[in-house]
Amino acid sequence: MRYSQYFLPTLKETPGDAEVVSHQLMSRAGMIRKVAAGIYDYLPLGLRVIRKAENIVREEMNKAGAIEILMPAVCPADLWEQSGRWQQYGKELLRLKDRKETEFCIGPTHEEVVTEIVRGTVNSYRQLPVNLYQIQTKFRDEVRPRFGLMRGREFIMKDAYSFDATDEGANLSYEKMRKAYCRIFERCGLKYRMVEADSGAIGGSFSHEFMVLADTGEDVVISCESCEYSANIEKAVVIDKGEMSQAPMNEVERVVTKGAHSVADVSVMLELKPSQIVKTMLVIVDDEPVAVLIRGDHELNVAKVKNLLGASVVELATPEQIAKATGGPVGFSGPIGLKITLYADNAVKYMRNMGVGGNEKDIHLEGVNLERDFQVKQFADLRDAADGDTCPHCGGRYSNTRGIEVGHIFKLGTKYSESMKATFLDADGVAKEIIMGCYGIGIGRTAAAAIEQNHDENGIIWPMPLAPFQVIVTMLNPKDEEVLAAGEKLYQDLLSEGIEVLLDDRDERPGSKFKDADLLGIPLRINVGARGLKEQSFELQERRAGERVMLPIEGAAQKVAEQVRTALAAE
Ligand code: ATP
Ligand code: MG
């Protein structure tokens, strides 16, 4: 591709709303353009990267025995009614009506549609297993679309769905996908981790997420320093085995805590450590208020509450809901005298003489004790794991890092086949529900995650497998006929070697060409200049290492092509 004839609108300025590096660099490198919140154009350079990622995904899915199909973006509400998700999915589901007032949604995921395909075509165990996948545009009306392609509203996903006759078969299908995912992210040249995950709104029995490790990641990954255990913080198991404190119980005392807004404020005013204070968190569980007690130095884990109570929606209560349930304002809730059900995190069990809210403005209580002063319906693991907690598997130490969830695999079981009546006849002619799995990869998010992991202050540093072009040939002064001729020849030679080349033939200062090349992040750059030509050579520069080496003109294209192939094979 010739730069002068390409459509590559790079920007000098970073768009104001671009908070993370990948969003900034994708915009500046002319890869994407915002059309509306969370909705983007993929410009040519961006599209090339998307296609690279898609192709790696497609090849590995095909190798793993999955079969490509394409389902519609607009899906009939009727199918969603059958699975029950028309009611459950909430506002992320974009709903619309056609001219006949029939309801539809724009698919945020396709379990319903694919189950309908299989239900209508499979009736015998002989037709199973089958795994169908697509690479397609999804829409989720995210509350906070941000970070460019990382959390869009419209985004490209690869979604696969497996259908099996037996539980062992379903586990095998899951295992095949797990391995394919590992190969995909290795081939993309990314540092990633597979972690145990919560099954969330999609439901099902177990699931794993694939996390690209990056400080800007929205997810927290808990990993044991001594064994292989790694889990999303939503899921990471915490064991709080304490010793019951033998300290004598004090009398309950009211303390004025005027204007105290945080555990830190209360801790100063009560002269107690945060670990001696209990936060009473009000949550709304499927429309019912419930209180959850968490130690002051711990964080509530909403996903764990949701799983414990088998709820579909759990949300933190609003100030109005808190006032209604406790009689006091936000920040002053406490367990004594509450009329709603109380649950508590395990760590609370071992506390003595705790500090709690007084359910009254500017009042806290201290010297409060379990059983004597209030009762809890159930203790459970309801908090986030933290750095330094103990691994339940080996007793090792937890540490946390941040990650970007690029892929998620679920064993669904019969959740959809049951509600949508997708059955088959087994060898004995008995009708059984099909056992399903579903497996997603965010294509745009993967490309963005690659940038989060691979960049410097000058721009992107593409891993070779995702690079929009593998080589950029920069003609320092294309007006010089010798430079032009040598550059053109090198370009043609590289093309004949099957290399993807961008030829910078623009009439610009070398300095600004170098800046653009650094921004675009093409892994190998060859500078063609008059000085080098006198010595029968070009200059070769790796984007990552930065240093320039002489490249003899003789055999240059073959040598560079070899380097590209080696880099691709290494991933
Ligand atoms: P998240 O927790 O980040 O919202 P999710 O758990 O809702 O993700 P899944 O339903 O598992 O995501 O979707 C499969 C994959 O699709 C995710 O692993 C991610 O790579 C991608 N994905 C999900 N939501 C978005 C989005 N809003 N923008 C871009 N990619 C997304
Ligand atoms: Mg989501």
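For clarity, every value in this text was computed on a predicted model and none was experimentally measured. Index from 1, following the sequence.
A search for side-chain hydrogen bond (donor to acceptor under 3.5 Å, both in side chains) contacts involving Ser27 returns nothing, not counting sequence neighbours. For Glu54, the side-chain hydrogen bond (donor to acceptor under 3.5 Å, both in side chains) partners two or more places apart in sequence, or in a different chain, are Arg51. With sequence neighbours excluded, the residues forming a side chain to side chain contact (heavy atoms under 4.5 Å, CB included) with Glu234 are Asp198, Asn232, Ala303, listed by chain and number. In this view, Tyr133 satisfies the ring pair (Phe, Tyr, Trp, His ring centres under 6.0 Å) rule with no residue, not counting sequence neighbours. Taking Val302 as the reference, Leu300, Val314 meet the side chain to side chain contact (heavy atoms under 4.5 Å, CB included) condition, with sequence neighbours excluded. Applying the side-chain hydrogen bond (donor to acceptor under 3.5 Å, both in side chains) criterion to Thr446, with sequence neighbours excluded, gives no partner residue. Not counting sequence neighbours, the partners of Phe210 by the ring pair (Phe, Tyr, Trp, His ring centres under 6.0 Å) test are Tyr181, Phe185. Ser207 is linked by a side-chain hydrogen bond (donor to acceptor under 3.5 Å, both in side chains) to His408, counting only residues two or more places apart in sequence or in another chain. In terms of the side chain to side chain contact (heavy atoms under 4.5 Å, CB included) criterion, Val143 has no residue partners (sequence neighbours excluded). In this structure, the side chain to side chain contact (heavy atoms under 4.5 Å, CB included) partners of Pro44, at least two apart in sequence or on a different chain, are Tyr6, Phe7. With sequence neighbours excluded, no residue forms a ring pair (Phe, Tyr, Trp, His ring centres under 6.0 Å) with His110.
Cation-pi geometry between Arg48 and Phe469 is satisfied (NZ or CZ under 6.0 Å from the ring centre, within 45° of the ring normal).
A salt bridge links Glu225 to Arg397: at least one charged side-chain nitrogen sits closer than 4.0 Å to a carboxylate oxygen. Of the charged side-chain nitrogens involved, none lies within less than 4.0 Å of a carboxylate oxygen, so that Lys138 and Glu154 do not count as a salt-bridged pair. A salt bridge is absent between Asp345 and Lys304; no separation between the charged side-chain nitrogens and carboxylate oxygens falls under 4.0 Å. In this structure, Arg187 pairs ionically with Glu60, as a charged nitrogen and a carboxylate oxygen lie closer than 4.0 Å. Using a cut-off of 4.0 Å between Lys/Arg side-chain N and Asp/Glu carboxylate O, Lys100 and Asp98 are scored as not salt-bridged.
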Exercise. Passes ring pair (Phe, Tyr, Trp, His ring centres under 6.0 Å), Tyr174 versus Phe206? Steps please.
Worked result: CA-CA 10 Å; Tyr174 186 89; Phe206 57 83; 4.9 Å; yes
For this session: Please lay out, stage by stage, how Asn346 and Arg383 fare under the test side-chain hydrogen bond (donor to acceptor under 3.5 Å, both in side chains).
Result: CA-CA 9 Å; Asn346 288 327; Arg383 70 170 175 99; over 6 Å; no
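Annotation: Glu315, atom CD; neighbour count of heavy atoms from other residues, nucleotides and ligands within 6.0 Å does not exceed 12. Within a 6.0 Å sphere centred on CZ of Arg402, heavy atoms belonging to other residues, nucleotides or ligands number more than 12.
Rounding to the nearest 0.5 angstrom, the gap separating the CG atom in Leu149 from the CD1 atom in Ile451 is 8.5 Å. Here the CZ atom belonging to Arg99 is positioned 12.0 Å from the CD atom belonging to Glu101, to the nearest 0.5 angstrom. Atom CD of Glu112 and atom CG of Asp78 lie 11.0 Å apart (nearest 0.5 Å).
The shortest distance between side-chain heavy atoms of Lys273 and Ser267 does not fall below 4.5 Å. Using a 4.5 Å heavy-atom cutoff, the side chains of Leu190 and Gln453 are in contact.
Donor-acceptor pairing under 3.5 Å is recorded for the side chains of Arg193 and Ser230. Between the side chains of Gln134 and Asp159, at least one donor-acceptor pair of N or O atoms lies under 3.5 Å.
Of the residues Tyr416, Tyr89, Trp86, the one that meets the ring pair (Phe, Tyr, Trp, His ring centres under 6.0 Å) test with Trp80 is Tyr89.
Not less than 6.0 angstrom separates the ring centroid of His23 from the ring centroid of Phe147.
For the ring pair (Phe, Tyr, Trp, His ring centres under 6.0 Å) condition, no pair includes a residue of residues 284-316, sequence neighbours left out.
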